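Here is the structure we will look at.
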There are 2 protein chains.
Amino acid sequence: MSPNAGADAGKRVPLSRERLLRGAIAVADAADIGALTMRSLAQELGVKPMSLYHHVANKEEILDGIIDIVFSEIEPPPAAADWRSAMRHRAISARSVLRRHPWAPPLMESRANPGPATLRYHDSVIGTLRRAGFSIAMAAHAFSLFDSYVYGFALQEAGLPFDSATAPDVAGAILAQFPSREYPYLAELTAEHVLQPGYDYGDEFEFGLDLILDGLDRLLTMTDAARFDGSRIG
Amino acid sequence: MSPNAGADAGKRVPLSRERLLRGAIAVADAADIGALTMRSLAQELGVKPMSLYHHVANKEEILDGIIDIVFSEIEPPPAAADWRSAMRHRAISARSVLRRHPWAPPLMESRANPGPATLRYHDSVIGTLRRAGFSIAMAAHAFSLFDSYVYGFALQEAGLPFDSATAPDVAGAILAQFPSREYPYLAELTAEHVLQPGYDYGDEFEFGLDLILDGLDRLLTMTDAARFDGSRIG
DNA sequence: ACCTGAACACCGTTCAAGT
DNA sequence: ACCTGAACACCGTTCAAGT
């Protein structure tokens, strides 16, 4: 139920590409990406399916469009931030955006036509690394690692069959389902960690993020030291 | 074109759950997961769509089944391996499996009904960490980080609009498409790294993997040192 | 037991028409 | 210009029938 659903009584807001894409995100957020069909979207917007084709060429263009909106929602870090806190800020923002749009991660990396917000996001990540002193090759490494982790974590979080509130119930049911003799470590981890009060899978995010940032920082420092030695020799 | 496609001349191999799931993987590998329909799968197997329902309840069960087969293809490490090389072995095997099945990563974490090979894989990863001395909480951290990276990397690799052979052409076209003034760091990275001869995005995998393993090793060593100190005090 | 034809309620998309 | 009804070639799935 969006504000515009079936609003044939009031004055009809004219359809636009912007309104169409916002509606598509609303449908995907409310159910999942499988529920986003030309017909369901048209209904959400109070319009007939064929009207959509006046604003987009096809469904692929809708997917391209909503993914670019998702990227646009990731907050850029404060300009004054050092590279480490800038990367940390971006990662945490990206994850919170992807939590709002759990259908997005599988689509984000498979769009052949990246939009401006997508390109801007990637450019700014690489820019942060380059300006911090990472070589091109090292920036490429760091970029790949950083993105893989952020999307991979979001993918896992989206796939969990529970949110943090209902975790104990569902994990308990799953645990009861499989024989703990056959999967002893999984059983142990579930019983003594996942089922403990206060457990939230989301809390794992910052552990991995900081381990990665520490590793990159170490490499950067080593590179700086090597360059310094080099300049003394040359 | 599989060996069994349209083989109405020879003796018909009877349909089985096993043959059905193998056929489903073949269809998904050959095109992509979107091309896997009950009808296309039936045709691949030389059978009518409705026959499939004698071996599986519905399409969801097919997806559950093929994902469990994908997990079963990940090689377990040699029993004698230390934790670091065991984890490394598994990650590299997982990535090569996911390269054969690029449609798999988005599905792997979203199956509500994990099969035995899935549970066995996860149990063995956690087991490796626990036996190496990781605490339960630390094993949970490491497990999350490791899986996020492996799936995230596979997701990115699957999304690339090129394989390593045609990378220069496509990346060049994309680069030409967007104004390098607006995305200077992206343009630089593309021109001076991605377009260089011998570039292969897959090479980034081991950089991130080793950084993660180094970080985990450091944490494990610190924990051991702390425990050792503790035992001397107590 | 295993397989199937016909049918149902869905898809995305095209085309020719309406205002 | 913007919207739409009817139609086409697809989906997954059910049901009642065939061997």
Side-chain angles (χ1 to χ4, degrees), chain A residues 4-28 30-67 103 106-107 110-113, chain B residues 4-28 30-67 103 106-107 110-113:
Chain A
N4 291 315
D8 30 9
K11 46 179 71 175
R12 186 83 52 91
V13 184
L15 197 51
S16 68
R17 190 186 149 89
E18 171 74 13
R19 208 161 77 78
L20 189 158
L21 295 178
R22 295 284 165 195
I25 290 178
V27 171
D32 76 295
I33 196 74
L36 175 62
T37 69
M38 299 305 271
R39 286 163 158 93
S40 69
L41 174 55
Q43 190 166 28
E44 165 82 10
L45 297 167
V47 104
K48 301 290 167 187
M50 303 76 210
S51 306
L52 303 176
Y53 288 90
H54 260 270
H55 299 91
V56 289
N58 48 40
K59 193 178 177 180
E60 281 293 291
E61 197 179 310
I62 296 180
L63 297 179
D64 285 340
I66 62 179
I67 288 302
W103 44 267
L107 294 177
S110 67
R111 299 286 86 200
N113 296 304
Chain B
N4 290 315
D8 31 11
K11 46 178 71 173
R12 184 87 50 93
V13 184
L15 196 52
S16 68
R17 189 186 149 88
E18 171 74 12
R19 207 162 77 78
L20 189 159
L21 294 178
R22 295 283 165 198
I25 290 178
V27 171
D32 74 296
I33 196 73
L36 175 62
T37 70
M38 299 306 270
R39 285 162 159 93
S40 69
L41 174 55
Q43 189 166 26
E44 165 83 10
L45 296 167
V47 102
K48 301 291 169 188
M50 301 77 209
S51 306
L52 304 176
Y53 288 91
H54 260 270
H55 299 92
V56 289
N58 49 38
K59 194 177 175 181
E60 280 294 291
E61 195 179 312
I62 296 180
L63 297 179
D64 285 340
I66 63 180
I67 288 302
W103 43 268
L107 294 178
S110 67
R111 298 286 89 201
N113 296 304

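Treat the numbers as computed from the prediction; the structure is a model and nothing was measured. In what follows, chains are A, B, ... by sequence order, proteins preceding strands, each numbered from 1.
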Whole-Å gap separating P (dT4(D)) and CG (Leu45(A)): 11 Å
So what's dC2(D) paired with, Watson-Crick or G-U wobble, going by both distances under 3.5 Å? dG18(C)
What is the distance, rounded to the nearest whole Å, between atom CD of Gln43(A) and atom P of dC10(C)? 11 Å
Under 4.0 angstrom, heavy atoms only, what part of the nucleic acid is Ser51(A) near: base, sugar-phosphate, or nothing? base
Between the base of dC3(D) and the side chain of His54(A), is there a donor and acceptor pair under 3.5 angstrom? yes
Nearest-Å distance, CG (Leu36(A)) to C1' (dG12(C))? 12 Å
Considering only side-chain heavy atoms of Met38(B), which listed nucleotide, dT4(D), dT13(D), dT13(C), is closest? dT13(D)
Drop me the distance from Ile25(B)'s CD1 to Ile62(B)'s CD1, to the nearest 0.5 angstrom. 11.0 Å
For the atom pair CD (Glu61(B)) and CG (Leu52(B)), what is the distance rounded to the nearest 0.5 Å? 11.5 Å
Rounded interatomic separation in angstrom, taking CD1 from Ile33(A) and C1' from dC11(C): 15 Å
Quick one: does any side-chain atom of His55(A) pair with a main-chain N or O of Leu15(A) as donor and acceptor, under 3.5 Å? yes
Quick note, Met50(B) side chain, CB onward, closest among dT13(D), dT4(D), dC3(C) is dT13(D)
Listed nucleotide nearest any side-chain atom of Arg39(A), set dC11(C), dG12(D), dT13(D): dC11(C)
What is the distance, to the nearest angstrom, from the CG atom on Leu41(A) to the C1' atom on dG12(C)? 13 Å
Please give, in whole Å, the distance from dG12(C) C1' to Leu52(A) CG? 11 Å
Spell out, as yes or no, whether a donor-acceptor pair under 3.5 Å connects the side chain of Asp64(B) to the backbone of Ile67(B). no
Calculate the interatomic distance between Ile62(B) atom CD1 and dC11(D) atom C1'; express it in whole Å. 13 Å
For dC8(C), give the paired nucleotide (Watson-Crick: N1-N3 plus N6-O4 or O6-N4; G-U: N1-O2 and O6-N3; both under 3.5 Å), or none. dG12(D)
Could you give me the CA-CA distance, side-chain angles and deciding distance for Ile33(A) and Ile66(A), then say whether side-chain contact (heavy atoms from CB on, under 4.5 Å) is met? CA-CA 11 Å; Ile33(A) 196 74; Ile66(A) 62 179; 4.3 Å; yes
Between His55(B) and dC2(C), is there a contact of a side-chain N or O with OP1 or OP2 at under 4.0 Å? no
How many whole angstroms separate atom CG of Leu20(B) from atom P of dC3(C)? 10 Å
Of the listed dG12(C), dT4(D), dT13(C), the closest approach to the Asn58(A) side chain comes from dT13(C)
With a cut-off of less than 4.0 Å, is there a side-chain N or O of Lys59(A) near OP1 or OP2 of dG12(C)? yes
